[in-house]
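Below, chain A is the first sequence line, B the second, and so on; all start at residue 1.
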There are 2 protein chains.
Amino acid sequence: MGSLPDADDHVDVLIVGAGPAGLMMANWMSRCGVRTRIVDKRGTKIFNGQADGLQCRTLEIFDSFDFGHRAWIESNHMLEICLWNPDPKTGILTRSDRIPDTIPNISRFQQVVLHQGRIERFFLDSIRENSIRTACNGPSSDPEAAQIRVEHGVLPTSLSIDESLVEDTEAYPITVTLRHLTEEEATPAQKATSGNGQAVQDGIFRSNLSADDTADLIRLTNSLAEKAGRTETVKAKYMLGADGAHSWTRRQLGFTLQGDSTDFIWGVLDVIPITDFPDIRMRCAIHSEASGSVMVIPRENKLVRLYIQLTTTNQDGQGAQKYDRSQITPETIIASAQRIMRPYKIEYRYLDWWTAYQIGQRVGDSFSSKERVFLAGDAVHTHSPKAGQGMNVSMQDAFNLGWKVANVVKGLSNRSILKTYQSERRRIAQDLIDFDHRFSRLFSGRPAKDVMDEEGISMEVFKDAFEKGNLFASGIAVDYGASMIVAKEGSGKEQGDGTEVLGDAKLRVVSKSNLATGIEVGKRMPSFKVLNQADARPWHFQELLKSNGTWRVVVFAGDIRDAEQKKRLDMLGDKLGGESSFLKWVTPKGQRYDSVIQLLSCHSAPRRETTIFDFPEVFRPWDDREGWDYWKVHVDDESYHEGHGQVYKNYGVDPKHGCSVILRPDQYISWVGEMDDYESMESFFKGFMVDQRTRDGAKDAVANNVANGQEKEVEESRKALYSGTLAGTNGLRNDAPAIDAGDEAVKGTTAM
Amino acid sequence: MGSLPDADDHVDVLIVGAGPAGLMMANWMSRCGVRTRIVDKRGTKIFNGQADGLQCRTLEIFDSFDFGHRAWIESNHMLEICLWNPDPKTGILTRSDRIPDTIPNISRFQQVVLHQGRIERFFLDSIRENSIRTACNGPSSDPEAAQIRVEHGVLPTSLSIDESLVEDTEAYPITVTLRHLTEEEATPAQKATSGNGQAVQDGIFRSNLSADDTADLIRLTNSLAEKAGRTETVKAKYMLGADGAHSWTRRQLGFTLQGDSTDFIWGVLDVIPITDFPDIRMRCAIHSEASGSVMVIPRENKLVRLYIQLTTTNQDGQGAQKYDRSQITPETIIASAQRIMRPYKIEYRYLDWWTAYQIGQRVGDSFSSKERVFLAGDAVHTHSPKAGQGMNVSMQDAFNLGWKVANVVKGLSNRSILKTYQSERRRIAQDLIDFDHRFSRLFSGRPAKDVMDEEGISMEVFKDAFEKGNLFASGIAVDYGASMIVAKEGSGKEQGDGTEVLGDAKLRVVSKSNLATGIEVGKRMPSFKVLNQADARPWHFQELLKSNGTWRVVVFAGDIRDAEQKKRLDMLGDKLGGESSFLKWVTPKGQRYDSVIQLLSCHSAPRRETTIFDFPEVFRPWDDREGWDYWKVHVDDESYHEGHGQVYKNYGVDPKHGCSVILRPDQYISWVGEMDDYESMESFFKGFMVDQRTRDGAKDAVANNVANGQEKEVEESRKALYSGTLAGTNGLRNDAPAIDAGDEAVKGTTAM
């Protein structure tokens, strides 16, 4: 390892910004046991206003971290979109259409709304639980102290990257200076919760401030007082700038946002509406004849968010640039809504938050510097809030990045996979900006009077765009391009943002998509109900895919009563269970062989005619202390209380033939192939996984075991290692595994 | 009010015992804002072993308190029961049958298993949240201090009831002396978690000790040290003895448990099994030829509970009384299991907890003294643990009692309803004891060799009993007898435990059950999915019936496009909304008219052809600050993502005619009648509700408003009231409402 360079602290990952993107990254790191700090210059949490829409896909991700149900329970569910337009004959505002808000059957969740403060709370709780659990399994004697905590009121003041070290997996090439602010510096004026939003002080929702929030605020105030004015230097292996649209990190790297703004100005009100408009608890798109549009987003706690157009393109022919923004108040905004929504009346006595904005779409020119410092969220894409995408795409940036960084830091993957972050997520950002551009213009336009009215927006076109946009907005349509971790045909550059990500051509494998027509390589794994073979419990398949950093090989073994299928299964079992199996060489010494790549199976024989003992042992791992593993073999059969998932039918897999699937740690589909095509699976993993056979010693095993919470077989070596004094403030010391130079020769796959 | 008698503290309710029954009671009180203390002589919480099965009905109840999902997520779900018996021909143990563990479609939950420590944690969290919320709406400046907290290490040493005061609603007739134990006194020997159970020390599940549990333990230790040796006198209006099978409270009252024991001795092991038995993750009933029986209960955290018969009736003709109980160890118990389960092998390396017990069934002779001191749980019924009933029935005792006491304490109901506690729950206890008696004997018997073997148990009879027992065991079959709060025909004495509970014959109403064949008076309201009219969101009907202490009138208005139905609805709306409506006279001054009795509706016209404005205003209450209430009108229609609840069909209600239903605060059905039969509804409520019109002054409104968290209109009067210094240690002062003597004349319904 050598001695560490001079610094006050060393971390694997430093995160700047504790909004949804930064918290998602910290959450991944806490799950994977990676030594991490997360700082934010703000002294306070957000308690109202700001982003609020949660896509189906975001809820699936939350569920993979075990807090999907919290968002689901607390949020307002949006089920139907009502389109309101002037009646063609009378010109009176009328409901012209209803469409389902979430397309039926694309996800087990539907789009919901919940304010950002609650979502941040779920992350904070999750990070706390994860890091305490990790610490309990590690050397720390004080799990509370070992937590990854958001450090508020901490401002980065300098950033440097030692370019000579960026390819050294052991090095800390990033140096950041942090300054601890005083309470005064860290606390913006009481009424402003963000740069462009105004919170209105009102006691009514004080009871929503959970006990945890209160305790955090007290701790924060003490912490600020204690450290105010201090400066420290931190060395990091990796860094994430998730510091918003005005990103300090982006500016240090010299990167820019590219794009433009429109003339349209919109106001936003979060109110409890008093109205006779019958659809106020539906999501509504309301186009008036000539006064602009309103979007209604019903929220939790009786609140409704109204997006209200303040300028229209044909306003005196002058355009919105001349609009006097200092004139915008809640009163002028609601007056505009009243004009748009007449003959219905709308007013409020409780206003929770308000703001106004001008629509703009911009995307960053680069998402990463040397695959060492990354950018995510508003730092690399900004757009209009109405489609409810911002927070979702930001969190999904970090969800895409987190497992990759964790796997590299832990010495399981080589650095080449990090290039896929920009390739995958910058492309998504570009798509988002295109979508928002089209959508916003349709929304801000005036309705066409008739088919001859070319300047107006046809309501048929609008409805069609809304329906198509719904699939995009669900987050389910995301389709990552070909790369070393997505085995599909075509150009990785064209399918991504132009970055080269295919890796070693000799190892490239391509999927046989016809074997599973419902499992699309590059997209997230769809979910249907399967039954656990051993206890008959129904699970949504995605529930088996928790975000813990492991890859998965899923074997759809088909009807194993069929002798041919059984034989193929047994032969595959021999290879997967053999000493030279890739399951084993990707696994650090001392860990169970499914710690890095987990093996799941789902067969289609009747549950009652089968037991787990019909499967080769590798599919139901043995443990000397706990016996067989009963939670890996599943079956496509009818449940007693929750119907029949029909997974073979829904995944488009032939029960007489089966298939195998490789899933990334983020549930995206890497590869579909023949059920028993062990060789393609191995070739795929050789493309980027580190061969652990040539790595030595107890230290690596310990570092990785601590992270995975698997401890028993390395108890003694751990004791020997940690008997000295611990360095670092976190107690969660995670000595990085050394990779022998010899590794490179064995792998031969570094595609940097 | 007069001055209070001498005492160190005055509470509305004192609870002795903080097991599941005591915690359920405290939870109700915290929901309803009733000043409560709960003490327990134990210094520690239970962390493993003990009761673990949760019925469907218990999960429904948990859900009504908003923590059903926590139990559902953490628990092991049991889906299938496998019956194993000697093969009639070979004598080899074989799976003879499979039956669903929970009967399909009786509940939206299924039976699950989770250890008692977690369930107590859910209650503690719920009590904390409720009492902080209540305190936030009340006069206390320190919500943390206002919490109802379990006071551990506190032993009651004397109990007296002033019989002259028992009918005085303002009085505190109960005096209890409490002694605060030293830590040594409060902590039993480390290894014993209960009188008859042994916890095995092992670090493996230490990580299950949640952060909250840790914090509680630290607080508890400090609290014990501070108060050790102190004695105090507490005056209470009501008291619950939930202090277990050796109940101190029961002995003070001179009540006894009646019943007997069998000869059978059973051992219990909680282990991680190492076995080749294929159904170890199913609930199994295993009868061996001559070595006795095993019941397998798969649990959370890879654990399995094994109930293992140690003696059989024909063991040397001596009976179990001669069995040397000191010889029972985990080794002897597992050896017995190995004999019963051969040819399968079973062993373990991790043992979590073990115990042994002799089956006995006993029930208390009385559940209440003067309807002032009540008994619940093991204090009044004990039986074998195998049917998983104990904890459920205990919690349901307190669930039945809690809302009744809260409504009486708050001056909403008169004391007569308290008699229904014994009538309803003692009858349930008797039924439980009968069930357990039959079930245990069938289970402990040896299988019949053939039809001529009269001493053996026929496996057909056993399976039949198991299936029938399943409905009983679900808790769904509970059917409370006729009383002033259950409007059905027949003798209240016969349908209950013999107590007279019918009340004033002049006010008695009887249901028209034919109007809703799926809604059975006396049983809990079944649940199907309805849609919210205003936002199209599907809800299970039970989700609308949260446990907050309110009664509900549910109007099934049918197809309101039909002019006749619409007319009936409007006329009912006029009466319910009128100034003399019972909704209003049951409501304390200053509260909204649905604070005591909530009005819900569900119609059957198409959702898209209807809005809430088609309903009279009383069905969608107006609020000057928040506009219309969008959460009270529902519709039986198809949802976008969760199917069609078919509630009219499932409830057996004719859409062309409709009906109305009165539901108790515990979701049990009180009355079914004509949709527009306002008069019967009023007569029903006159039977036991207090007329608030003749009660005076701001104080009552404040006391009740504090409890209900509704504050706005009584802000001024509250300020005036609470400007003085607060008495009491809880800060949650709840000055009891005074009831004018004149009230009695108006009500004329006291049926004591």
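When side chains are defined from C-beta on, A:Tyr350 counts as touching B:Arg625, because their heavy atoms get closer than 4.5 Å. Two residues are said to be in side-chain contact when any heavy atoms from C-beta on lie closer than 4.5 Å; A:Tyr630 and B:Lys302 fail this criterion. Side-chain atoms of B:Arg98 and A:Arg607, non-hydrogen and from C-beta on, do get closer than 4.5 Å to each other.
The candidate with the highest count of non-hydrogen atom pairs below 4.5 Å against chain B, out of A:Glu129, A:Met282, A:Met78, A:Arg608, is A:Arg608.
Residues A:Glu80 and B:Tyr640 bring a donor and an acceptor atom of their side chains to less than 3.5 Å of each other.
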| task | Under the side-chain contact (heavy atoms from CB on, under 4.5 Å) rule, what do B:Leu79 and A:His641 come out as? Steps first, then yes or no, please. | result | CA-CA 9 Å; B:Leu79 280 308; A:His641 309 280; 3.6 Å; yes
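Smallest separation of non-hydrogen atoms from A:Pro278 and B:Thr611: CB-CG2, 4.0 Å. Closest heavy-atom contact between B:Trp622 and A:Ile274: CH2-CG2, 3.3 Å. Between A:Trp628 and B:Thr275, the shortest heavy-atom contact is CD1-O, 3.5 Å.
Within the 4.5 angstrom heavy-atom criterion, atoms from both the backbone and the side chain of B:His77 approach chain A. In this structure, chain B has a heavy atom under 4.5 Å from the side chain of A:Ile280, while its backbone stays farther away. Heavy-atom distances place the backbone of B:Pro273, and not its side chain, under 4.5 Å from chain A. Only the backbone of B:Ile99 comes within less than 4.5 Å of a heavy atom in chain A; its side chain stays farther off. In this structure, chain B has a heavy atom under 4.5 Å from the side chain of A:Glu642, while its backbone stays farther away. Neither the backbone nor the side chain of A:Pro298 comes within less than 4.5 Å of any heavy atom of chain B. Both the backbone and the side chain of A:Thr102 come within contact range of chain B, each with at least one heavy atom under 4.5 Å from a heavy atom of that chain.
Within a 6.0 Å radius of CG in A:Asn105, no more than 12 heavy atoms belonging to other residues, nucleotides or ligands are found.
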